Amino acid sequence: VELRSGRVGLRPIALGDRRAWKEVRARNAAWLKPWEATVPPGDATAPKTFRALVRDLRRQARASRALPFALTVDEEFAGQLTVTNIVGGSARFASMGYWIDLKYAGHGFVPTAVAMASDYCLFEMGLHRIEIAIRPENTPSLRVVEKLGFREIGYAPRYLHIDGDWRDHRLFAMTAEECPDGLLRRWKTREPLE
Ligand SMILES: CC(C)(COP(=O)(O)OP(=O)(O)OC[C@H]1O[C@@H](n2cnc3c(N)ncnc32)[C@H](O)[C@@H]1OP(=O)(O)O)[C@@H](O)C(=O)NCCC(=O)NCCS
């Protein structure tokens, strides 16, 4: 799947992104560290290299459990947006995570990417709900869901292993009924949220 809106693109992450991924991650280490998923103690299965990470993500994609995107700006590798925990049946929901190179922050690129990916999940894949979990301290990310009109649905103590420990998260969600004309359209036209 490839999605595009203006300068922002989403395409499957590939082994060929290795050089750009490493360069961007090295330059952004301090920027990303407080928000980065880390490996819980005792988990020996987590991927340790970019190659292993991409293989793991693509395995999940083939099993219809994930959509691992590279986020591009003007075709340049700029970050990641990953749809994970895709569940069918009576749930039909998925989680979404994202990060962007600091040099591209503050231009609304991630909200655009989240809107495009949500529309794809809700209206092409037929999912019902997209969830985003955010640490209470992460003001920029809280702004992303606020600007897109995600609804706050709960608080999860010690929810994810981030930056070396189990961290509390605020949970946000968007259902298909809440954006019948699509999230990207709403974001681009800045229609008032109900
Ligand atoms: C959270 C994040 C993805 C937002 O992406 P983005 O494309 O910059 O999103 P926006 O342009 O909509 O900016 C969101 C907010 O970031 C803040 N921001 C803008 N430029 C910034 C900068 N240079 N440095 C820090 N924060 C900045 C602003 O508060 C902005 O809100 P505003 O639109 O009300 O001014 C990005 O900050 C990031 O990658 N952070 C590190 C990783 C991370 O936190 N991932 C999410 C985990 S839940």
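We're numbering straight along the sequence, starting at 1. We count ligands from 1, going down the list as the structure has it; atoms in each ligand are counted the same way. All values reported here derive from a predicted model rather than from experimental measurement.
Using a cutoff of 4.0 Å between basic side-chain nitrogens and carboxylate oxygens, Asp101 and Arg25 are not scored as salt-bridged. Contact check on Arg11 versus Glu75 returns no salt bridge, with no Lys/Arg side-chain nitrogen under 4.0 Å from an Asp/Glu carboxylate oxygen. Salt bridge annotation for Lys33-Glu36: absent, with no cationic side-chain nitrogen under 4.0 angstrom from a carboxylate oxygen.
For the 3.5 Å distance criterion, the side chains of Thr38 and His161 qualify, holding a donor opposite an acceptor.
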* CA sep, side-chain torsions, deciding dist, call: Glu76, Lys103, salt bridge (Lys or Arg N to Asp or Glu O under 4.0 Å) -> CA-CA 12 Å; Glu76 196 178 315; Lys103 81 174 179 190; 3.3 Å; yes
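Contacts of Phe50 classified as ring pair (Phe, Tyr, Trp, His ring centres under 6.0 Å), with partners at least two apart in sequence or in another chain: Trp21.
Sorted by chain and number, the residues within 4.0 Å of ligand 1 by heavy atom are Trp31, Leu32, Trp35, Tyr98, Trp99, Ile100, Leu102, Ala105, Gly106, His107, Gly108, Phe109, Val110, Pro111, Ala133, Asn138, Pro140, Ser141, Arg143, Val144, Lys147.
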